[in-house]
2 protein chains.
Amino acid sequence: MRPSKRDELVEKALLVFYRHGFHATGMDKLVAETGISKTSMYKHFPAKEDLILAALTLRDKQFRRWLFRRMEQLGSTPRGQLIAMFDGLKEWFAQEGFQGCMFMKAAAEYQKFSDPIHMKSADHKSILISYFSDIAQRAGAEDPDSLARRLLLLKEGAIVAAQLRITKNPAMDAKAAAKILLADALGQ
Amino acid sequence: MRPSKRDELVEKALLVFYRHGFHATGMDKLVAETGISKTSMYKHFPAKEDLILAALTLRDKQFRRWLFRRMEQLGSTPRGQLIAMFDGLKEWFAQEGFQGCMFMKAAAEYQKFSDPIHMKSADHKSILISYFSDIAQRAGAEDPDSLARRLLLLKEGAIVAAQLRITKNPAMDAKAAAKILLADALGQ
DNA sequence: CGTTATATTAACCGATCAGTACGCCATTCT
DNA sequence: AGAATGGCGTACTGATCGGTTAATATAACG
């Protein structure tokens, strides 16, 4: 099944938003970069906000699929998978075109908690916590939610550090810290 | 010398940028919110970017002064000060009008590493690391830089979590994690 | 009081913003 | 072949963007 014109638009818009930001990306620029006419865009999405939300939905799906799969590939045990997350992050940070977390940036530009874009960004992170918590429970953590929240802090911090390039290898810093936290939570 | 108009402008601009974002804040809106004429603004700052940089400089000074003082007040030992940072963060998160880290948001809107705004944001975080590292050394850490980087990850992660409200008490999650990392680094 | 320097209002600039109206052109149905 | 349909590019809308210009108002200082 060939990708529909709509999906093609969302995919390309996602890249442009990710690279240049949301407010900084005008619809005209989107037309120029995607080659899709403005009329078509507004036929699929009545407003820019709807297009942004669609892009975030796609990003959420893409990112989770990639991260979860990579964790499974790199880690053989539940504990190993949690630690492998940071190996996955390292790969992500090293990718050309890495520009930080799209949801963080979206929340930074649309700050109101009631804004659908902000809410969507928060949802993405909540889903990650649930996933981490499930694995933490299988790993035998006494308080899997607590461990999941701590690992999320390390992950988000590492992304910030990578985006700003304030440290050389934030993913491995986070990995080292995660090992210590895991040792504590799982009783070695 | 009477309080300069320039400082007044920067202070007010800082608040508006923090609350509404950078691209979303036009110069006309700044005129409306500060009561300062556009001509005066452009006399002090030749471009919007210069005003943003001045606001970030002020924010850097304000935030560091506040955080470092609070750490000294709440912690009596070097180790205690590092942990007290997260008590300080908790207070910050609870403040009305808390909207996340201004430098994160600035870096999110001005993504190019060569952009002065991005560089300024990264500088702020680097200074924090140095400060943490100094304290970590006084606390007797074997590798104070490494410990400082890990604590920064927790701090940045907590700010993200607080901004997005994805967990209830990110500052205390980070504090608990920090205690574990400190116990490991200081061999207690 | 007059001169000078500074701050103000307000209009204005071209460019761009999100969003819309319209006319061209190819396909399809008759 | 001819009419109708629907997708698409173009050009336009009023509003706002960052930034400038000119004339006026205010204050300081001799």
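Quick note on labels: first sequence line is chain A, next is B, and so on, each numbered from 1.
Protein atom CG of B:D28 is 16 Å distant from nucleotide atom P of C:dT8, rounded to whole Å. Summarising the geometry, the separation between NE2 on A:H23 and P on D:dT16 is reported as 14 Å, rounded to the nearest angstrom. Between the NZ atom of B:K29 and the P atom of D:dC17 there is a distance of 8 Å, given to the nearest Å. When rounded to the nearest whole Å, the span between CZ of B:F22 and P of D:dG18 equals 13 Å. One atom, CD of A:E8, and another, P of D:dG7, lie 16 Å apart when rounded to the nearest Å.
Scanning both residues, B:A107 and A:L164, for their nearest heavy atoms gives CB-CD2, 3.3 Å.
Using the six-membered ring where Trp is involved, B:F22 and B:Y110 have ring planes that are perpendicular, over 60° apart on the 30 and 60° scheme.
For the pair A:R165 and B:F113, the cation-pi criterion (under 6.0 Å, within 45° of the ring axis) is fulfilled.
B:I166 CD1 to A:I127 CD1: the interatomic distance, rounded to the nearest 0.5 Å, is 11.5 Å. Considering NE2 of A:H20 and CD of A:Q99, their distance stands at 8.5 Å, rounded to 0.5 Å.
Proximity of residues 30-54 of chain A to DNA chain C (heavy atom under 4.0 angstrom from any strand atom) is restricted to A:K38, A:T39, A:Y42, A:A47, A:K48.
B:Y18 places no side-chain N or O within donor-acceptor distance of the main-chain N or O of B:F98, the cut-off being under 3.5 Å.
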